[in-house]
Amino acid sequence: MSDDAPRYWTPAYVERFVEALNRDDEFQDTAGSFSETIELRCFDTPDAEDVTATYTFEEGRVVDVDLWIDDAPSDQMREEGVDTDAIMARATAPYDVWMQMDQGEMGATEAIASPDYKIDGSMMQIMSNMGVFRGMMSVAADVEKTY
């Protein structure tokens, strides 16, 4: 690990993650014409923050990412409903669960079964785009980072 590797779930990490998604040929092949918005929420980061990262995809590429960072626990963030007209899926988990998934200690199926992981949205749409979600997890795991 280099000294400049960003910590997981920081703005610098999210920036590297987006760059990696957009340049990863395998992910691009998998994502294909995927044009949706996905929201990932991480609670209780090591910086005592809650973080929401909203990724907008067009034709498999991330064209926009919106970060919302608040002191944990953020009642406003944690109580916010999901607008399923604007967001296809929202996944929420504490930092340690995201870290376990990132390190390959927990797969997508295990995460979905975990009481600490919550996914909102149309299960039909989510399941039909599972390749995109798995691809995102794979790219994320390869981004150089610290925990």
Side-chain angles (χ1 to χ4, degrees), residues 6-47 49-145 147:
R7 189 166 65 231
Y8 195 39
W9 277 94
T10 61
Y13 166 79
V14 170
E15 185 178 316
R16 285 199 187 177
F17 176 47
V18 168
E19 290 168 2
L21 286 170
N22 286 342
R23 74 168 179 263
D24 187 285
D25 292 336
E26 189 175 335
F27 177 76
Q28 289 300 309
D29 288 346
T30 299
S33 63
F34 186 75
S35 297
E36 297 285 350
T37 299
I38 295 171
E39 189 172 276
L40 304 179
R41 303 190 312 166
C42 178
F43 294 156
D44 301 314
T45 71
D47 292 325
E49 294 172 335
D50 288 347
V51 180
T52 296
T54 307
Y55 300 91
T56 302
F57 289 84
E58 284 181 16
E59 301 295 319
R61 297 183 63 77
V62 178
V63 295
D64 186 51
V65 62
D66 183 44
L67 274 181
W68 174 16
I69 301 170
D70 203 359
D71 292 338
S74 171
D75 291 340
Q76 184 183 3
M77 188 182 297
R78 293 177 185 220
E79 293 169 12
E80 182 186 52
V82 61
D83 178 358
T84 53
D85 290 333
I87 296 182
M88 186 199 94
R90 177 173 79 181
T92 304
Y95 185 84
D96 64 324
V97 170
W98 285 112
M99 202 170 78
Q100 287 174 40
M101 288 189 298
D102 192 65
Q103 294 175 327
E105 297 168 6
M106 179 186 292
T109 308
E110 291 171 291
I112 290 169
S114 167
D116 294 326
Y117 184 92
K118 184 172 190 289
I119 192 150
D120 297 290
S122 160
M123 272 306 160
M124 187 79 95
Q125 266 194 305
I126 291 166
M127 296 314 280
S128 68
N129 288 288
M130 216 46 198
V132 173
F133 293 106
R134 283 194 186 99
M136 288 177 73
M137 286 175 64
S138 176
V139 170
D142 288 342
V143 173
E144 188 179 10
K145 71 186 84 62
Y147 296 101

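Just so it is clear, the structure is predicted and the values come from calculations on it, not from any experiment. Heavy-atom basis, side chains included; hydrogens, waters and symmetry copies ignored.
- Across every non-hydrogen atom of Val139 and Ala20, the tightest pair is CG1-CB, 3.6 Å.
- For the pair Asn22 and Gln28, the tightest heavy-atom approach, listed with the atom from each and the gap, is CA-NE2, 3.6 Å.
- Here the closest non-hydrogen pair linking Ala31 and Val132 is CA-CG2, 4.0 Å.
- Counting heavy-atom neighbours within 6.0 Å of Gln103 CD, excluding the residue itself, gives a total above 12.
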Steps toward salt bridge (Lys or Arg N to Asp or Glu O under 4.0 Å) verdict (Asp50, Arg78): CA-CA 9 Å; Asp50 288 347; Arg78 293 177 185 220; 2.6 Å; yes
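- Here the shortest heavy-atom pairing between Trp98 and Ala91 reads CZ2-O, 3.8 Å.
- For the residue pair Gly135 and Phe27, the shortest heavy atom distance occurs at C-CD1, 3.7 Å.
- Inspection of the Glu39 and Thr54 side chains reveals an N or O donor paired with an N or O acceptor under 3.5 Å.
- Here the side chain of Asp24 pairs a donor or acceptor atom with the backbone of Glu26 at under 3.5 angstrom.
- In this structure, the side chains of Thr52 and Met77 come closer than 4.5 Å at one or more pairs of heavy atoms.
- Classification of the Tyr8-Tyr13 ring pair by plane angle, with boundaries at 30° and 60°, yields perpendicular.
- The ring pair (Phe, Tyr, Trp, His ring centres under 6.0 Å) check on Tyr55 picks up Phe17, with sequence neighbours excluded.
- Phe34 and Met88 get closest at one heavy-atom pair: CE1-SD, 4.0 Å.
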Test log, rule side-chain contact (heavy atoms from CB on, under 4.5 Å), inputs Glu36 and Ile87: CA-CA 7 Å; Glu36 297 285 350; Ile87 296 182; over 6 Å; no
